[in-house]
Structure formats: structure tokens, C-alpha cells
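A quick write-up on the structure given underneath.
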Amino acid sequence: MSHCLSERSIDHVVLERGEVANSWRTERWDSLRLLTPNWQCHLPGHAYSGDDPDGFMTMPEVVEFITGYAKLVAAPVLAGTSVTSVRRADGGYVVVTDQGEWSCATVVVATGAFNLPCVPAFAQAVPPAVTLLTPMDYRNAEQLGEGGVMVVGASATGVQIAAEVRRSGRRVLLSVGEHVRGPRLYRGRDIQWWMQAAGVLDERYDEVDDIVRARRVPSMQLAGSPERATFDLNALTSLGVTLVGRLAGVDRGRAQFSGSLRNKCELADLKLGRLLDRIDEWAVVSGLDGSLPPPERFEPTAVPASPALGLDLGSGEIETIIWATGFRPDYSWLDVAVLDRKGLIRHAGGIVDSPGMYLLGSPFLRRRKSSFIDGGRVDAEDLACEVDAYLGGKVASRN
Ligand SMILES: Cc1cc2nc3c(=O)[nH]c(=O)nc-3n(C[C@H](O)[C@H](O)[C@H](O)COP(=O)(O)OP(=O)(O)OC[C@H]3O[C@@H](n4cnc5c(N)ncnc54)[C@H](O)[C@@H]3O)c2cc1C
């Protein structure tokens with residue numbers, strides 16, 4: 001956004017509580033790599049130019065990519081500056097930070113959508129002998145005790161951590177609710193390539209039937225690995241991970257799993273089939289079909305014949321629970337009445353329900369890929385036009 005504003009000669013500052021790329025430096029586990037391939041790492045006016053376009057960046061590489069970009073575009077970043085309050089004043093905003101106050105006509109909220117881990121309230125009922133971790137506490141399997149581990153949630157974070165912990169030799173139970181299945185490679189190309197080419201990632205927020213639901217869809221079960229491996233439930237089962245249903249509650253020390261595991265898996269298989277149908281149709285229409293390997297369909301997800309419906313958490317079988325149950329934004333500093341009942345900012349494609357305020361970096365903000373780095377790029381370009389028009393209108397009305 002800073003680069004897009006600079007291109008329009010719009011005077012601005014970027015306030016950052018940590019250092020540039022703070023979330024990638026401080027909030028991710030050690031082995032994480034981007035799940036989006038390097039060729040997809042675009043920032044406004046800047047693309048990945050290394051020699052491994054199909055690879056996946058490690059966290060130090062992401063930090064280098066983003067800090068290098070901040071220098072390249074000379075972003076006016078004030079690091080070590082925490083915003084503690086934003087409120088409306090005199091037709092604009094007063095931004096209070098731990099380093100002083102700013103007055104401005106417009107504010108772009110780009111504080112991230114994944115600031116806090118979501119942990120269900122019933123976590124409190126887990127017996128105290130069981131260690132509870134979130135993906136933000138988890139760094140690597142060595143920090144865990146030797147006992148069994150239950151990973152709750154089977155989206156991108158959950159499947160990656162479950163696989164890593166299982167490979168460390170520990171027993172792993174994976175609690176599976178609604179999830180989105182995806183192969184890493186399809187017909188010889190990366191699934192992200194297909195979704196980009198077939199227009200899936202560019203679907204707009206005002207084109208989908210139910211944007212509220214679309215914004216809540218979990219992340220696809222993908223990981224970036226040098227082997228370009230698939231991380232679906234069948235892959236995890238073959239590693240020796242045990243699947244159970246969604247963790248519905250904890251009652252008197254007993255975990256209760258939903259009986260819906262088979263249904264959830266069938267639904268994910270069905271949706272994957274629909275995605276692949278769409279991709280194959282696009283391949284025909286685009287004339288690529290003949291030059292690629294033929295369409296494939298994957299084995300249905302193998303579900304245990306009678307998955308456990310309960311587990312005594314006091315038995316010592318499970319020593320650690322990792323809540324891979326999603327993340328949410330932290331707007332505790334925002335003193336403008338723009339939050340809905342779920343604590344999310346009300347907006348239309350990033351134009352917030354308060355004049356001169358904009359949102360960036362939120363799931364399906366303007367397009368399906370909005371929560372990816374590449375989505376932030378196009379959304380920033382769109383929203384910089386909105387900021388420009390808003391400021392132009394203010395100048396015109398003053399004149
Ligand atoms: C585990 C995980 C894996 C991911 N993998 C990928 C991937 O492979 N590819 C991909 O494209 N995307 C991935 N994402 C999504 C990724 O987070 C976004 O693409 C990207 O970080 C969005 O950038 P952002 O600048 O909007 O948000 P962030 O990177 O979260 O940056 C927000 C910044 O705001 C700062 N901040 C927050 N509050 C305040 C405050 N009050 N005052 C001052 N500063 C503040 C934070 O310190 C932070 O630096 C992943 C996300 C997670 C959680």
C-alpha cells in the first residue's frame with residue numbers, strides 16, 4: 001500500500017509495532033515455508049526473480065523478500081511504533097501510538113487477519129496435566145513431551161504440524177472438522193497455478209453467492225515442501241496419523257468427537273472433484289488440454305471404520321493439545337464503531353463503513369486470493385485508487 005500511495009504522491013507513514021515482516025519473524029513455526037510458490041510472490045511493482053520459481057520460501061527468505069522490498073520502495077516505516085488507539089476527529093482520524101500521536105485524513109488498517117489464535121472456550125475444561133499450545137507457541141516437535149499429541153483442526157496449519165510431529169515419532173491424533181482438500185500438483189502443475197489460471201483466485205467479493213460464508217472457508221490443506229508433497233488426510237494417514245472427528249467439547253476430562261468425520265471427508269472429496277472439473281473445463285476452453293497430462297481423480301479420503309467418539313484426557317495418552325483452530329484479527333486498539341458482532345470490520349471490498357478508512361490483508365477482502373501476499377498486491381492497487389479519489393474529493397470540497 002505504501003508503494004501504491006507513493007506512486008500517487010500521497011504523503012503517508014507506515015506504523016509498525018515490531019520490525020518490517022514482524023509476523024513472519026515472530027509468529028511462525030521453524031520449519032514453515034510459504035504454501036504459495038515463489039512465482040506467486042508478487043508485491044506491487046516487484047516479483048520474485050530467484051532461480052527457483054516453483055519452490056517455496058522459508059521464513060528467513062520471506063523476511064528477506066519483504067524487508068528488501070520495503071527498502072526498494074523506500075517505504076516510510078516507523079518501526080517499534082504500536083498503535084494503541086484510532087478514533088475519528090475533525091472529519092479524519094487521530095492515531096495514538098506509544099511514540100506519539102498522528103492526525104490524518106485517511107487510515108489503512110493493514111494490521112493482519114491472523115493476529116490471535118482461536119481457541120475454543122472448552123479448552124478450559126482440559127485436565128491441567130495436558131499441555132495446551134497454539135500454532136503461535138509451537139516452534140518444533142523438540143519442544144514437546146514424548147507423549148501423544150492431539151492436533152485440533154485439519155486445515156493448512158493443522159495438517160503441517162500434525163505431519164511434522166508424527167515424523168518426530170510421537171503418536172498423533174488429528175481432529176478433523178470442515179476442511180478443504182487439495183493436491184499439491186495436478187496434471188503436472190501446481191494447484192495454485194491452476195487456480196490462478198482458471199480464475200478461481202481472482203473471483204471477486206461481489207461475484208460470490210455468500211461472501212460472509214466465503215470469508216469463513218478454511219484454508220486449503222497445502223504445504224510448501226521441496227518434494228512438492230500433498231498434505232491431504234490420506235497422506236497423513238499413511239504417515240501414521242490417526243483421524244478423529246471434530247472436537248465438539250470436553251466434559252469431565254473427556255474429549256468428545258463429533259460423529260461427522262465421514263461426512264466431512266465426503267464433502268471435501270466432492271468439493272475437490274468440483275474444483276478439478278472446473279480446472280479441466282478451463283484447460284479445454286483455453287486450448288491447453290492436449291498439451292498436458294490427462295485429468296486425474298484422487299482416491300476418496302480413507303476414513304477409519306469406527307473413529308473414536310471420545311477420549312479420556314486424564315489417561316496420559318495425550319500429553320499435548322495443539323489448537324490449529326484458526327486465527328482472528330486483533331482490533332482491540334480500534335475506537336471507531338465499525339466492528340460487527342463477530343468483531344470483524346464491516347467493509348465493502350476493503351472500503352470500511354467509516355469515511356476515509358480502508359482495510360487490507362483480510363480473507364476474501366476483494367478477491368479469493370486476498371489473504372495471500374499476491375492478493376494484497378492487487379487489493380492495495382485497487383484501494384490506493386479509492387484513497388486517492390477520497391482525498392481528491394476532500395480537496396475539491398474544501399476548494
Ligand atoms: C501460518 C500462516 C501461513 C501463511 N502462509 C501464507 C503463504 O504461504 N502465502 C501467502 O501468500 N500468505 C500466507 N499467509 C497469509 C499471510 O499472513 C498474508 O498473506 C500476509 O501476511 C498479509 O500481510 P499483511 O501485511 O496484511 O499482514 P501481516 O503480515 O500480519 O502484518 C501485519 C503487521 O501489522 C503489525 N501490527 C499489528 N497490530 C499493530 C498495531 N496495533 N500497531 C502497529 N503495528 C501493528 C504487525 O506487527 C504486522 O507486522 C499465512 C498466514 C499464516 C498465519
Side-chain angles (χ1 to χ4, degrees), residues 1-3 13-44 48 55-59 61-63 65-67 69-70 75 77-86 95-99 102 107-118 134-136 138 153 155-161 184 190 192 195-196 201 218-220 222-225 231 322 324-335 350 358-365 368-380 383:
M1 177 53 97
S2 174
H3 179 55
V13 287
V14 182
L15 306 179
E16 167 56 56
R17 63 182 171 189
E19 289 176 71
V20 172
N22 184 52
S23 57
W24 302 105
R25 289 174 196 272
T26 62
E27 295 171 359
R28 312 283 192 251
W29 59 96
D30 297 346
S31 67
L32 181 67
R33 286 174 180 263
L34 288 189
L35 54 77
T36 42
N38 291 337
W39 57 259
Q40 208 176 21
C41 289
H42 280 164
L43 293 164
Y48 172 84
F56 304 93
M57 287 185 205
T58 61
M59 290 305 102
E61 287 166 346
V62 180
V63 170
F65 182 70
I66 297 178
T67 45
Y69 180 71
V77 180
L78 297 181
T81 305
S82 285
V83 174
T84 53
S85 158
V86 171
V95 176
V96 182
T97 80
D98 58 357
Q99 308 293 322
W102 294 82
V107 169
V108 179
V109 176
T111 46
F114 311 109
N115 310 111
L116 300 170
C118 299
T134 71
M136 287 181 174
Y138 175 80
S155 294
T157 297
V159 294
Q160 291 182 42
I161 293 179
R184 182 74 263 178
D190 197 280
Q192 290 285 341
M195 289 199 291
Q196 181 61 50
L201 292 178
S219 57
M220 188 180 259
L222 281 183
S225 68
F231 274 70
I322 302 177
T325 30
F327 300 93
R328 61 191 166 87
D330 177 8
Y331 299 130
S332 54
W333 47 269
L334 187 55
D335 297 316
Y358 303 87
L359 175 66
L360 192 57
S362 181
F364 224 136
L365 183 89
R368 196 178 292 281
K369 67 180 175 189
S370 287
S371 59
F372 290 141
I373 292 168
D374 187 46
R377 169 182 64 91
V378 268
D379 289 353
L383 288 172

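Counting convention: from 1, in listed order, for ligands and their atoms alike.
There is a protein heavy atom closer than 4.0 angstrom to atom 19 (O) of ligand 1. Per-atom contact check: atom 15 (C) of ligand 1 touches the protein, criterion being a heavy-atom distance below 4.0 Å. Within a 4.0 Å radius of atom 28 (P) of ligand 1, the protein has at least one heavy atom.
Looking only at protein heavy atoms, the nearest one to atom 26 (O) of ligand 1 is Gly361 CA, 3.6 Å. Looking only at protein heavy atoms, the nearest one to atom 11 (O) of ligand 1 is Ile373 N, 2.7 Å. Here the protein heavy atom with the shortest distance to atom 36 (N) of ligand 1 is Arg17 NE, 3.6 Å. Of the protein's non-hydrogen atoms, Thr36 OG1, 2.8 Å is the one closest to atom 9 (N) of ligand 1. Among protein heavy atoms, the minimum distance from atom 42 (N) of ligand 1 is reached at Val83 N, 2.9 Å. For atom 25 (O) of ligand 1, the closest heavy atom belonging to the protein is Ala110 O, 4.2 Å. Nearest protein heavy-atom contact of atom 39 (C) of ligand 1 is Thr111 CG2, 3.6 Å. Here the protein heavy atom with the shortest distance to atom 5 (N) of ligand 1 is Trp24 CH2, 3.9 Å.
Within ligand 1, counting atoms from 1 as listed, the ones closer than 4.0 Å to a heavy atom of Phe372 are 10 (C), 11 (O), 12 (N), 19 (O). Listed by number with element, the atoms of ligand 1 under 4.0 Å from a non-hydrogen atom of Ser371 are 12 (N), 15 (C), 16 (C), 18 (C), 19 (O). Those atoms of ligand 1 that come under 4.0 Å of a heavy atom in Leu15, given as number and element, are 43 (C), 44 (N).
Side-chain atoms of Arg33 never come within 3.5 Å of backbone atoms of Ser225 as a donor-acceptor pair (strictly under, hydrogens ignored). Glu61 places a side-chain N or O within donor-acceptor distance of the main-chain N or O of Thr58, the cut-off being under 3.5 Å. Side-chain atoms of Thr67 never come within 3.5 Å of backbone atoms of Val20 as a donor-acceptor pair (strictly under, hydrogens ignored).
The two residues Ala223 and Arg184 have their closest heavy-atom pair at O-NH1, 2.8 Å. Minimum heavy-atom separation, Phe364 to Arg368: CE2-N, 3.3 Å.
Residues forming a ring pair (Phe, Tyr, Trp, His ring centres under 6.0 Å) with Phe327 (at least two apart in sequence, or on another chain): none. In this structure Ser82 satisfies the side-chain hydrogen bond (donor to acceptor under 3.5 Å, both in side chains) test with no other residue, sequence neighbours excluded.
Between Leu34 and Ile373 the shortest side-chain heavy-atom distance falls below 4.5 Å. Using a 4.5 Å heavy-atom threshold, the side chains of Met1 and Arg377 count as separate.
The shortest N or O to N or O distance between Leu35 and ligand 1 is below 3.5 Å. Of the N or O atoms in Asn22, one or more lie within a sub-3.5 Å distance of an N or O in ligand 1. Looking at Arg33 next to ligand 1, no N or O pair under 3.5 Å apart turns up. At least one N or O atom of Glu16 sits closer than 3.5 Å to an N or O atom of ligand 1.
In this structure, Thr81 has a heavy atom closer than 4.0 Å to ligand 1.
Taking CG of Leu360 as the reference point, atom OG of Ser370 lies at 8.5 Å (rounded to 0.5 Å).
Val95 pairs in a side-chain contact (heavy atoms from CB on, under 4.5 Å) with only one of the listed residues (Val13, Thr84, Val86, Thr81), which is Val86.
Counting heavy-atom neighbours within 6.0 Å of Trp102 CH2, excluding the residue itself, gives a total of 12 or less.
Of all the listed residues (Arg28, Glu19, Arg25), Arg28 holds the heavy atom that lies closest to atom 52 (C) of ligand 1.
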